[in-house]
A.B. asks: 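What follows is a single structure, and I will ask about it in a moment.
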Amino acid sequence: MRVSTAQFYFQNAQQLSSLQTDVNDQVKYLASGKRVLTAKDDAVSYGTLAGYKEGLDNIEKYQRNLNQAENRNSLQEVSFASAEGVMQELKQLFIQANNGALSDIDLTALAELSGNSQSQLLDIANTRDETGNYIFSGFQVDVQPFSLQPDGHAIYNGDAGVREVQIAKNVMVDTNQAGDSAFEKVANKKGDFSPNYNNNTSGISISKAVIANPGAYNTVTNPPAYNFNFTTATDLTVTDSLGNPVFTTSTYTAGQTVAFNGIEVQISGNPLPNDNFDLAPEKNISIFDTIKQAIDWMNVGTNPTNSVLHSIDYDEILGQIDEALNHMTAKRVNAGVRLNLIENQNSNHLDTELYLSSGRSNVEDLDFAKAVATFEQRKVSLQAAQQSFVQIKNLSLFNYL
Amino acid sequence: MTVSLYQTGVSGLLAAQQQLATTGHNVANVNTEGYTRQRAEQNTTLGLNNGGNYTGSGTYVQDITRLYDQFSYKEQLINQSNLGKSEALDGNLNQLNDIMSFSGQAIMNSVGQFYQAMNGVADNPNDLGLRSIALNQTEILSSDFRALNQNFDDIEKSINGEIEQVSREISEISLELAKINEAILHSKNLTLSGQPNDLLDKRDQLITQLSQYTKVNTVEDSNGVMTVMIGQGTTLVAGITPLTISVESGDPDPLQTQIRLVGPNSTVAINGNTLGGVLEASIEFRDEHLMQVRSEINRLAMAISATVNDAQSDGLDLNAQQGTNIFTDINTTQLQQGRVLSPTSNSGNLAAQVNITDVSLVPIDEFEIRNNAGIYTLTNMTSGANTNLGAIGAGTYTTPFGFEFIENSGTPANDDSFIIRPTENTASLMQRTLSNSAGIAASTAVEVTPSDNNISAGKIAIVDMFDPIQAQLDMPIRIDVLESPVGTFNYTITDNSNTTSAPISYTPPSQIINLPALPAAASFQVEISGNPSGSAPNAPEQFFIGDAFGLGNSGNAVAMALTQEQGITNGGKETFSQSLAISTSVVGSKSSSAKLVAETAQALFTQAFNRNQETSGVNLDEEAANMLKFQQAYQASSQIISIANTLFDTILAAVR
């Protein structure tokens, strides 16, 4: 087989050029430390690599959101812890106030201290976060949630909105609690109704008044408020607001459950004739109302007009303060539960991040040992080709003529 | 006798001279491309009859021939075409791969940054700083898309330039070939026995050059005139008549330039896909690979714009106004009209446009709508599938591909056709249209609050918002759901004028309701799901829907941020990142295949070249040896002359 001169040079040029390209490629990989620089380097793995990178980006996003959510929920937890403290203090003061040995001045002093508790709680309810937004206003973050009226009543100016952020692919976490559910919807200790005693000489009080059977509770035919009238100690008539009697008995015994219209009422104590009270629907009692009631009770002084009623009021208010205290604890636990969820998700994400990172590294990163060895090998091939070319080009008959 | 000795010597001398000249010619042309080595054929002259014996009278050079093997030459031509095509394709795809990997990565980063900013807004919706950051990111994202589109435009322009350049070269080669053919014809006509070797070499060299640009076939007639055909048999040089190649603007897309064969009396269109060589590679790259990737990027731009704009319109901004578009609307008149391309060959005067209705169904293929005797047929140009759209004149035609074809004005003539590109121009026209950061619609308009007295696990959720401002005005709405008797669910809707509807049946597991109820116009949609049973007719499950707007309401921003992980393109299966990654991988795999094909083609060409060189190539060592050989022959022949002279002198001396 003949080899022409042109062929010889052409072939050598081809080989040198291709060897040089190889060495060049290796240098590119070594310099960047990556095996996959563009999709051409490994088209099949590129798709997987893109997937890993997307997963890692998502985790970064979730962690940023987790951070924010944690901050907000921590602030809430701290606020509710303070509120708990305030209510404890109020409870102590109120218990102190039930001492017959105290004078009017003492009671007024206690009422003033309670007033401080009220302003403290108001402050807590009107907490602002680092951006100046009110945290308990729901969606109306620029509006102060609670404002105190001249009559001591607190009204809520926000709404019931709850914000959430995404902390994992299918997991959202709330980042605030609305003021109404936090401070206004404290459950009524008695149930669904509150009593208003028109005439109470015996000292009876309502221990329970609930809608036991919502299905049977009909406000159209028998609308509240329901009036309870004891004509004698055993004769009880209950009428609705239209004047219709809804329950009558002549054999009332103390502690008996009075059931009508799906409602169950239990009265404690022994009734006397002409005892009369109304039951009005009140499912929730605002915490501020409870505090106001306590302050008002203390301001009555040592000489109430109806000491029996005054005493009954005390029990009811104390019970409601307890209820409010529990409510604050429950709200704090809410925030705590969310913080727990956040922490769980965080550790899940850290695990996933580890797994994704190592997957990405397996596909993308260069195995330096292998790459350096390949580079040396290619370099040697190039050197050999270059040297052999130089040797052979000197072989020509013309040199010997 | 001595006289004939002179003749013999001289003949040997002359023959040796010609041999040396030929050898010298070979040596001088060792590096000439396409040179076929020549050899002088010597033959003995007829012997003279002298006294019953034939005495030889020397030698003469019969012919100087090229050592040429037409079969290995043709094999080299074929491989040259393949190499030209695969190298051109490899180079172009490599460039496209680089652009997609780096610019594509930039777009992925921009998308990521935008969603990062949106998550910030979702956490703190009334912070103007965070909103500004989000808007800035949309500006960056739009400009990234425009830049990538510009890159594609530049590549297309350079490919078109290359096609024009190559066509010019082919035309010039054609003219040269015709001239050489003529020269060869004339030289053969004169009764010279020699072959015009150098003309033949030049012709072969031109053909080799041509074969890089396109597939070449040649036929030689008895006069040595060669007819040259390119591609699938299109005659480029018919003997001594050259035809040329011209490039003209495409129709209906002017940037898809077409190749035409220009003859003395007429021009004919040539199908670029069958030409082979660099031309076929360029046309294939431009019309197939570049167009596909451009279409995919356009579709991604469309999906992002439409998703963000739709999410905006569902919510309310900081001023309680309905959110306006952040990106250019995907159905502006300019965009709609730009999607329909009408060839000039159409005789009717129909002006039409295409409106996108569902981004998730839009494919990247090109379509053709043709008026077949009064009926529009929609053909997918990639798969060939046909859809019958209906009779002409109906105005708007829906298609199962997420777009509708709309007749604007005029009527089409029979057999008029229109090219439909549903994603055309989206990336180049993508702009940020919202400038006030307060305009980001982070707040939802209304929300559903279940009553505290609800006892079941059924729920009602808002699934679609048509008009958030109207929805606010329709508030409050209450829905009561009751199961009575067991297994039968009914619900009533109480609107904001306190009118309660008659009970409507609900069939679990879920049902969609338009609110407010008829006869009012629906402003949003909710879905009841689960089994909301309620306890008794007086105590149904109650759901209150009320105005939810607030500066701290980030519900819509959350919904917008969640779209990052939703499948949207390709029938709702791919997220934006996945879509882009798939496009990039496809280009990468095409590019790496092209590299392998180019390497194979190079190897095959080298083999064919070697085989050809085996016969026709000059080997300097061989020529050096030949030179010595002929030099000795020359010396020997001159010695004969000297001896003949001596003999003559001897005779003269004898006679004096």
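Chain naming here is simple, since letters A, B, ... match the order of the sequence lines and numbering starts at 1 in each. Nothing here was measured: the structure is a model prediction, and the numbers come from that model.
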A.B. asks: With a 3.5 Å cut-off and no angle check, do the side chains of B:N97 and A:T38 form a donor-acceptor pair?
C.D. replies: yes

A.B. asks: Might you work through the side-chain contact (heavy atoms from CB on, under 4.5 Å) test for B:K590 and A:K40, ending with a clear yes or no?
C.D. replies: CA-CA 8 Å; B:K590 280 185 189 170; A:K40 181 175 172 180; over 6 Å; no

A.B. asks: For a side-chain hydrogen bond (donor to acceptor under 3.5 Å, both in side chains) check, start with the C-alpha distance between A:E54 and B:T575, then their side-chain angles and the critical distance, and finish with the verdict.
C.D. replies: CA-CA 10 Å; A:E54 191 184 349; B:T575 67; 3.2 Å; yes

A.B. asks: Quick check for you: among B:L93, B:D123, B:V558, B:T449, which has the greatest number of heavy-atom pairs under 4.5 Å with chain A?
C.D. replies: B:D123

A.B. asks: So which of A:R163, A:Q68, A:Q140 has the biggest tally of heavy-atom pairs under 4.5 Å with chain B?
C.D. replies: A:R163

A.B. asks: Using a cut-off of under 4.5 Å on heavy-atom pairs, state which of B:S593, B:S554, B:A594, B:A625 scores highest against chain A.
C.D. replies: B:S554

A.B. asks: Under a 4.5 Å cutoff for heavy-atom pairs, which residue among A:R72, A:M172, A:K185 has the most contacts with chain B?
C.D. replies: A:R72

A.B. asks: Pick whichever of B:L562, B:N31, B:D127 has the most heavy-atom pairs under 4.5 Å with chain A.
C.D. replies: B:L562

A.B. asks: Using non-hydrogen atoms and a 4.5 Å limit, figure out which bit of B:V586 sits close to chain A: side chain, backbone, both or neither.
C.D. replies: neither

A.B. asks: With a 4.5 angstrom heavy-atom cut-off, is it the side chain or the backbone of B:L580 that approaches chain A, or both, or neither?
C.D. replies: neither

A.B. asks: Please determine, among B:S443, B:P540, B:S589, B:G588, the option with the most heavy-atom pairs under 4.5 Å with chain A.
C.D. replies: B:G588

A.B. asks: For each of A:A216, A:S18, A:P214, A:A50, tally heavy-atom pairs with chain B at distances under 4.5 Å, and name the one with the top tally.
C.D. replies: A:P214

A.B. asks: Salt bridge or not for B:D452 and A:K283, using N-O below 4.0 Å?
C.D. replies: no

A.B. asks: Taking the side chain as every heavy atom from C-beta outward, state whether A:L397 and B:L620 have any pair of such atoms under 4.5 Å apart.
C.D. replies: no

A.B. asks: In terms of heavy-atom pairs under 4.5 Å with chain A, which of B:E623, B:Q564, B:E599, B:M100 leads?
C.D. replies: B:Q564

A.B. asks: Most heavy-atom pairs under 4.5 angstrom with chain B, which of A:V3, A:D159, A:L37, A:N58?
C.D. replies: A:N58

A.B. asks: Name the option with the most non-hydrogen atom pairs under 4.5 Å to chain B; the candidates are A:D42, A:V44, A:V165, A:N65.
C.D. replies: A:N65

A.B. asks: Find out whether A:K53 and B:M108 are in side-chain contact, i.e. whether some heavy atom of one side chain is under 4.5 Å from a heavy atom of the other.
C.D. replies: no

A.B. asks: Report which part of B:Q578 has an atom under 4.5 Å of a heavy atom belonging to chain A: side chain, backbone, both, or neither.
C.D. replies: both

A.B. asks: Would you mind reporting whether B:L551 and A:F139 have side-chain heavy atoms less than 4.5 Å apart?
C.D. replies: no

A.B. asks: Could you tell me which of B:D621, B:N553, B:N453, B:N119 has the largest number of non-hydrogen atom pairs under 4.5 Å with chain A?
C.D. replies: B:N553

A.B. asks: Evaluate the side-chain proximity of A:F8 to B:Q613: yes if any heavy-atom separation is below 4.5 Å, no if none is.
C.D. replies: no

A.B. asks: Indicate yes or no: at least one non-hydrogen side-chain atom of B:E565 is less than 4.5 angstrom from one of A:K61.
C.D. replies: yes

